[in-house]
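Working notes, structure below.
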Amino acid sequence: MRNIITLNEFILDKQNEFQYASGELTRLLNDIGIAARIINSEVRKAGLVDILGKAGSENIQGEEQQKLDVYADNQMINSFKYGGQVCGIASEENDDFLAFDQPNSVKGKYVAIFDPLDGSSNIDVNVSIGTIFSIYRRVSTDGPAQLEDFLQKGTEQVAAGYVIYGPSTMLVYTTGKGVNGFTLDPSIGVFCLSHPNMKMPDDGRLYSFNEGNYNSFSGGLQKYCDWVKEEDAATGRPYSCRYIASMLADIHRNLIKGGVFCYPATTGSPNGKLRLLYECNPMAFIVEQAGGIATTGHKRIMEIQPTELHQRVPALMGSKNMVNKVLEMIEQYG
Ligand code: AHM
Ligand code: MG
């Protein structure tokens, strides 16, 4: 008996929950699913660049090889440009936003913001990376997309999610009605519902901080890093440190197992390292929808009014009780 629910079936089933015209979101999420499968097939060949050709060289068809993050960016852009629902995009790879000028996309009611390949330092070492996306309803009334369409608070997101290229490939998304995860069956090229209604445990024993930066953490964060290492049977300490350095992979693991992720302000990155629009807001939407907390340490991430496309913010996200413990330390020790 077949009990598989595919991503496309699931989206169609749920489309009536969407507050705007349902077919639009269905098409948009399908476009993301298609781009994800194309990027996935290229990511799976990443270790072969030395024998197939590096970025900048020509492949056998005489086409120039692209870096994987540029390739992923182009796939996402094309998917949105020709899909007709999106009037413009902004991404980590482009200094400015792109307003589409095709007759069908100019009429698109949405904008998409994405990090085409997050965790790019992990590409060369075959460790999990992923694509993060965030979708907003445009606020300008018509014509080409405007900057104001992109500088919206995270609370205005109509959909967000990520695709993680790990041992298997998963697409996880939310439209504000919970979080669902789909695993790609590579033999048939279809995303199948594998993680319905994902909930982040309220507690956990994993902390994901780059403690190499300990000396430039605030007093409260340093205290927390010391506290997690103390031995205490009642709270299950010491906790375990898990840090992949692909934000979405670290948060994905913590979402399933329970944990806290933090990339705070440091001396080298006084506003934190991670970008508000295409890293923090979409992951914050997922984390909150799964029952967790996403804050800068002082303010809910999704309530920040963005002022620029590549704005950075400190990020602290994860299991409710664990984030609250960090906030308590920040409150007490700064
Ligand atoms: P990227 O977008 O260039 O890949 O950088 C973002 C990544 C995040 O995924 C990750 O959390 C962070 O950089 C790791 O930074 P660090 O190596 O400083 O710990
Ligand atoms: Mg990134």
Side-chain angles (χ1 to χ4, degrees), residues 35-36 39 42-43 46 55 66-77 89-95 112-134 150 154 160-166 170 172 206-218 221-222 225 241-255 259-287 292 294-297 301 306 308-318 323 326:
I39 297 166
E42 203 63 18
V43 165
Q66 290 175 329
K67 280 180 69 187
L68 207 47
D69 32 18
V70 177
Y71 178 87
D73 193 50
N74 288 335
Q75 291 305 327
M76 293 291 281
I77 292 174
I89 65 97
S91 89
E92 177 166 344
E93 295 296 323
N94 298 281
D95 291 343
I113 311 181
F114 50 89
D115 183 349
L117 222 42
D118 183 50
S120 37
S121 68
N122 284 324
I123 296 173
D124 292 343
V125 290
N126 199 18
V127 171
S128 296
I129 49 178
T131 302
I132 309 176
F133 61 88
S134 170
F150 300 92
Y162 55 86
V163 184
I164 177 167
Y165 313 105
M170 265 188 84
V172 176
L206 303 178
Y207 72 103
S208 312
F209 294 43
N210 181 348
E211 274 194 280
N213 295 323
Y214 179 92
N215 285 341
S216 65
F217 285 177
S218 70
L221 279 180
Q222 288 184 339
C225 290
C241 176
R242 294 283 183 273
Y243 191 76
I244 300 171
S246 288
M247 177 210 202
L248 89 162
D250 277 308
I251 293 178
H252 178 74
R253 181 205 47 243
N254 292 355
L255 197 154
V260 58
F261 169 89
C262 184
Y263 206 110
T266 61
T267 317
S269 311
N271 298 317
K273 177 183 179 187
L274 302 176
R275 319 298 177 108
L276 174 61
L277 295 196
Y278 43 80
E279 292 174 329
C280 297
N281 270 336
M283 295 311 289
F285 196 14
I286 291 277
V287 165
T295 165
T296 63
I301 288 176
E308 39 180 301
L309 291 177
H310 300 283
Q311 184 171 345
R312 295 172 196 269
V313 286
L316 167 64
M317 309 192 195
V323 172
V326 182

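Whatever order the structure lists them in is the order used to number ligands and atoms, beginning at 1. Computed from a prediction, not measured in an experiment: that's the story for all the values here.
- When the Mg ion (ligand 2) is compared with the N/O/S atoms of E279, atom OE2 turns out nearest.
- Within the 3.5 Å criterion, the main-chain N or O of R242 finds a donor-acceptor partner in the side chain of R253.
- Residue-ligand proximity: I129 is placed with every non-hydrogen atom at 4.0 Å or more from ligand 1.
- For ligand 1 and D115, the ligand atoms under 4.0 Å from any heavy atom of the residue are 2 (O).
- Of all atoms in ligand 1, numbered sequentially from 1 with element shown, those under 4.0 Å from a heavy atom of E92 are 1 (P), 2 (O), 3 (O).
- Residue-level proximity to ligand 1 for L274 is carried by the side chain, the only part with a heavy atom below 4.0 angstrom.
- Taking every heavy atom of S246 and a limit of under 4.0 angstrom, the matching atoms of ligand 1 come to 9 (O).
- With a 4.5 Å cut-off on side-chain heavy atoms, D69 and E93 count as touching.
- The only member of R275, Q311, M317 that meets side chain to side chain contact (heavy atoms under 4.5 Å, CB included) when paired with C280 is M317.
- Considering backbone and side-chain N/O of G119, one or more are found under 3.5 Å from N/O of ligand 1.
- Closest to atom 3 (O) of ligand 1, if we only count protein heavy atoms, is S120 OG, 3.4 Å.
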Under the side-chain hydrogen bond (donor to acceptor under 3.5 Å, both in side chains) criterion, do N213 and T266 qualify, and how do the steps go? CA-CA 7 Å; N213 295 323; T266 61; 5.1 Å; no

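- Of all the heavy atoms in I132 and P282, the pair that sits closest is CG2-CG, 3.5 Å.
- D115 contributes atom OD2 as its closest N/O/S atom to the Mg ion (ligand 2).
- When the options L221, V260, I301 are evaluated for a side chain to side chain contact (heavy atoms under 4.5 Å, CB included) with L316, the one that passes is V260.
- Near N210, the atoms of ligand 1 lying under 4.0 angstrom from a non-hydrogen atom of the residue are 16 (P), 18 (O), 19 (O).
- Close approach to F261 involves these atoms of ligand 1, each under 4.0 Å from a residue heavy atom: 11 (O).
- Between the side chains of Y165 and T131, at least one donor-acceptor pair of N or O atoms lies under 3.5 Å.
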Intermediate values then yes/no, side-chain hydrogen bond (donor to acceptor under 3.5 Å, both in side chains), S246 and D118: CA-CA 6 Å; S246 288; D118 183 50; 5.5 Å; no

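- Under a 4.0 angstrom heavy-atom cut-off, E279 registers as being in contact with ligand 1.
- Looking only at distances, a side-chain donor or acceptor of H310 sits under 3.5 Å from a matching main-chain atom of N94.
- Seen from the Mg ion (ligand 2), atom OD1 on D118 and atom OE1 on E92 lie at an angle near 160° (rounded to 10 degrees).
- Given atom 18 (O) of ligand 1, the protein heavy atom at minimum distance is Y263 OH, 2.7 Å.
- Here the heavy atom of the protein found nearest to atom 12 (C) of ligand 1 is K273 NZ, 3.7 Å.
- Residue contact check: M247 has heavy atoms under 4.0 Å from atoms 8 (C), 9 (O), 10 (C), 11 (O) of ligand 1.
- Taking atom 6 (C) of ligand 1 as the reference point, the nearest protein heavy-atom neighbour is D118 OD1, 3.5 Å.
- Side-chain contact check for V326 versus Y207: every heavy-atom pair is 4.5 Å or farther apart.
- Checked by atom type and distance alone, the side chain of S269 never pairs as donor or acceptor with a backbone atom of N271 at under 3.5 Å.
- Numbered from 1 in the order shown, with element, the atoms of ligand 1 that lie under 4.0 Å from a heavy atom of Y243 read 14 (C), 15 (O), 16 (P), 19 (O).
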